[in-house]
Amino acid sequence: MNPHFRYRNRHMFCEGVKIEDIIAQVGSPAYIYSKRTIVEAYKEFDLAFKDIDHLVCYSMKANSNLNVVNILAKLGSGIDCNSGGEIYRALKVGVDPKKIIFAGVGKTPEEIRYALQYDILMFKAESRSELREINAIAGEMGKKAPVGIRVNPDVSVKTHPYIATGLSENKFGIDSSLAREAFALAHSLPNLKIVGLDMHIGSQITEVDPFIEACNKMVLLALELRKAGYNIEHFDLGGGMAIPYKVERPASPKDLAEAIGATLNVSDCKILFEPGRYLVGNAGILVTKVLYTKKHKKKNFLIVDAGMNDLIRPSLYEAYHKIKNVHLKNEESIIADIVGPVCESGDFFARNREINKCKQEDLLAIMSAGAYGMVMSSNYNTRPRIPEVMVDGSKFYVTRARETYEDILQKETIIDEIVENMA
Ligand code: LLP
């Protein structure tokens, strides 16, 4: 268990703050993050690769709360952005554009134009047509766009199929057999400047083997491309390192550094890493309150006030999250389904889960919810998005307030004319 979420006298604390005290102030449900966990994860990652010329670029899609991004940026991290909106967030907290990577398989012309206003580290291009589009827009703006090309190394990864990206059947990157042509095209386009080679093979990867396989292929390719005269300054390894959700014991950054460090050094490139989940996943919990308990013939249900709209990972990937009682009252346990209030059978956080007996009003903590939690939330069922809280030692801050019904309706307009002619 993350030492920054631990029990004292049977009450769960985040760092020095009692979870129940936070909920008494902000209400339930709420996301609660531990600053120290983020700082330690970043330092661990960065230190593991100290012998390699590198830059860690936090993949902000995992958790784009401005304060989370700010903490990582102040530690020196670059930022991997997957949309214009994410670039906007990065700039908002003062990230140096020179440390911003713009990735994504479907960048719109508007997003490309937006990013070109700033002197960013690079566009990660994923198709020949995208290369042409970036070139055309850069030309109109009188700019030279720095591009890296994402090549799909075609390695298989043991993870959920929705989050594996490195196989040629996935939509990502340029097929490795076509990589040379893509670099030749980029080289021929006058408004592009090739700066590197990129990959990303998937997410929640627990072993180093797929990274070894992909790196071996990609470093050879980097050397070949450089020999052919292309400017390969960066090799971007992407993200994907796993965290423990259940009983997994995933490889650590140190394990990865030991496994691929020598190969990376042969490439003679500056190495970019894009960890997302590893830096923030275990730094967050989702606290939710038991609204009702009920029993069907064979099942116990705990109906809680958070739903799949707040944390969709169990519904979408059947992802496992540990669930703990915020106040451990007794040791007697039951087997129950822990479900939300949304009108879908898929709205569950756990099925047939052993949990300490609880009753109405008890608080539960859904663990390891710092990555791909809040960022994937929605207003389904017109449910307001929940607050985010950052704990720093013995203090806590509301970094995003709970939405109101008015917030949700803000962009909607009732147009009377639509109902004028109802015949
Ligand atoms: N770089 C690229 C190009 C990516 O597509 C991703 C994640 C990352 C870096 C960061 O990967 P990480 O280090 O976090 O594994 N919603 C899913 C995960 C989707 C990951 C998408 N890409 C989940 O909840 O498990």
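Numbering starts at 1 and runs along the sequence shown. One-based numbering, in listed order, for ligands and for the atoms of each.
- Taking a cut-off of under 4.0 Å to the non-hydrogen atoms of Gly276, the atoms of ligand 1 that pass are 12 (P), 13 (O), 14 (O).
- Applying the 4.0 Å criterion to heavy atoms of Met376 picks out, from ligand 1, the atoms 16 (N).
- Residue contact check: Glu274 has heavy atoms under 4.0 Å from atoms 1 (N), 2 (C), 3 (C), 8 (C), 9 (C), 10 (C), 13 (O) of ligand 1.
- Residue contacts with ligand 1 for Tyr317 involve side-chain atoms from C-beta outward but no N, CA, C or O (heavy atoms, distance under 4.0 Å).
- For ligand 1, the atoms closer than 4.0 angstrom to any heavy atom of Arg150 are 3 (C).
- Among Ala62, Gly240, Cys57, the residue whose heavy atom lies closest to atom 13 (O) of ligand 1 is Gly240.
- Cation-pi contact between Lys124 and Phe102: absent, since separation from the ring centre below 6.0 Å together with deviation from the ring axis within 45° is not met.
- Of all atoms in ligand 1, listed by their number and element, those nearer than 4.0 Å to a heavy atom of Pro275 are 13 (O).
- Note on ring orientation: taking the six-membered ring where Trp is involved, the planes of Tyr88 and Tyr114 are tilted (angle from 30° to 60°).
- A distance below 6.0 Å separates the ring centres of His296 and Phe301.
- Annotation for ligand 1: atoms under 4.0 Å from non-hydrogen atoms of Lys124 are 3 (C).
- Between Ser252 and Glu44, the closest side-chain pair of non-hydrogen atoms falls below 4.5 Å.
- A salt bridge links Arg383 and Asp310; the closest N-O separation between the charged side-chain nitrogens and carboxylate oxygens is under 4.0 Å.
- For Arg277, heavy-atom contacts with ligand 1 shorter than 4.0 Å involve the backbone as well as the side chain.
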Next item on the list: Evaluate the criterion ring-ring contact (aromatic ring centres under 6.0 Å, His included) for residue pair His321 and Phe349; output intermediate values, then yes/no.
Entry: CA-CA 8 Å; His321 286 260; Phe349 294 115; 8.4 Å; no
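- Between Tyr7 and Phe13, the ring centre distance reaches or exceeds 6.0 Å.
- Looking at Asp80 against ligand 1, only its side chain comes within 4.0 Å, counting heavy atoms.
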